[in-house]
Amino acid sequence: MRNTLTVFGAGCLGGLVMCVVMWLFSYYGITQSLNVRLAGSLSPHWMYPRIVWGGLWGFLFLLPIYASSIFARSFVIALIPTLITLFVFFPFYEGKGVAGLSLGILTPFLVFFFFWVWSLTAAISLRVS
């Protein structure tokens with residue numbers, strides 16, 4: 001039970017950091033300069049589902065993925081929610097096309113980057129705890 005609550009909390013923290021990074025990318029025009037229409041916000045309505053999903057994705061840290069470094073482990077774990085977002089959520093639930101390419105050609109790379117930020121934050125918080 002302790003491990004389950006710990007990985008959920010770490011995932012929620014990762015989701016919070018991911019939301020802030022997405023907002024910073026939007027605020028400073030980085031996503032727009034890459035011709036990608038992914039917008040971040042600091043509104044509770046926008047952040048809440050991403051934080052909860054971050055906690056749920058945190059259960060991936062219970063999988064026995066052994067990597068030599070925290071960066072390698074976070075890289076591997078970030079691939080799973082990235083692929084599901086690109087090939088399930090974007091095309092079927094949000095109508096953004098396969099891999100969200102209707103949002104911009106670099107969308108898959110930014111989605112992976114944001115999930116890597118989530119995963120790295122969660123992995124670091126798990127290591128610290």
Side-chain angles (χ1 to χ4, degrees):
M1 183 72 165
R2 181 178 310 212
N3 288 341
T4 304
L5 292 173
T6 303
V7 295
F8 182 79
C12 287
L13 178 63
L16 176 65
V17 171
M18 182 180 78
C19 286
V20 171
V21 169
M22 287 180 76
W23 174 76
L24 287 171
F25 269 55
S26 296
Y27 183 77
Y28 288 109
I30 297 169
T31 54
Q32 293 84 0
S33 68
L34 296 172
N35 292 323
V36 174
R37 291 183 311 272
L38 281 176
S41 173
L42 291 181
S43 72
H45 174 55
W46 187 83
M47 289 178 65
Y48 176 75
R50 285 153 186 84
I51 292 171
V52 172
W53 271 106
L56 294 175
W57 287 123
F59 292 126
L60 292 172
F61 285 95
L62 294 174
L63 296 173
I65 298 173
Y66 301 106
S68 59
S69 72
I70 196 167
F71 293 105
R73 185 169 191 224
S74 64
F75 184 87
V76 171
I77 289 177
L79 286 173
I80 297 167
T82 298
L83 292 173
I84 292 173
T85 299
L86 292 175
F87 297 109
V88 176
F89 287 134
F90 278 166
F92 297 114
Y93 294 104
E94 296 184 16
K96 304 297 183 191
V98 175
L101 292 177
S102 68
L103 296 173
I105 195 74
L106 294 177
T107 300
F109 299 106
L110 277 177
V111 169
F112 175 74
F113 173 75
F114 293 138
F115 274 115
W116 181 72
V117 167
W118 160 80
S119 181
L120 185 63
T121 303
I124 290 171
S125 66
L126 287 171
R127 178 73 54 96
V128 170
S129 71

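Atoms considered below: every heavy atom in the structure, side chains included; atoms not considered: hydrogens, waters and symmetry mates.
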Kindly list each side-chain donor-acceptor pair under 3.5 angstrom involving residues 95-112, sequence neighbours excluded, with atom names and distances?
| residue | atom | partner | partner atom | Å |
| --- | --- | --- | --- | --- |
| Ser102 | OG | Lys96 | O | 2.6 |
| Thr107 | OG1 | Gly100 | O | 3.4 |
| Thr107 | OG1 | Gly104 | N | 3.4 |
| Thr107 | OG1 | Gly104 | O | 2.8 |

Would you compute the distance between atom CH2 of Trp118 and atom SG of Cys19 and round it to the nearest 0.5 angstrom? 13.0 Å

Acceptor/donor pairs from residues 72-93 side chains to any protein atom, 3.5 angstrom cut, sequence neighbours excluded:
| residue | atom | partner | partner atom | Å |
| --- | --- | --- | --- | --- |
| Arg73 | NE | Ile65 | O | 3.2 |
| Arg73 | NH2 | Phe61 | O | 3.0 |
| Ser74 | OG | Ile70 | O | 3.1 |
| Ser74 | OG | Phe71 | O | 2.9 |
| Ser74 | OG | Trp116 | NE1 | 3.1 |
| Thr82 | OG1 | Ala78 | O | 2.7 |
| Thr85 | OG1 | Pro81 | O | 2.8 |

With rounding to the nearest 0.5 angstrom, report the CG to CE distance, Leu13 to Met18. 12.0 Å

Results of side chain to side chain donor-acceptor pair (under 3.5 Å) for Ser129 - residues two or more places apart only: none

I need the Leu38 CG to Met22 CE distance, nearest 0.5 Å. 5.5 Å

Can you pull the ring pair (Phe, Tyr, Trp, His ring centres under 6.0 Å) pairs that have at least one residue in residues 17-44, sequence neighbours excluded? Trp23-Tyr27, Phe25-Phe113, Phe25-Phe114

Same cluster for Leu60 and Leu62 if Ile/Leu/Val/Met/Phe/Trp/Tyr side chains link at under 4.5 Å? yes

Pairwise distance CZ(Phe8) to SG(Cys12) - rounded to 0.5 angstrom: 3.5 Å

Donor-acceptor pairs under 3.5 Å, side chain of residues 47-59 to any protein atom, not counting sequence neighbours: which ones?
| residue | atom | partner | partner atom | Å |
| --- | --- | --- | --- | --- |
| Arg50 | NH1 | Trp46 | O | 2.6 |

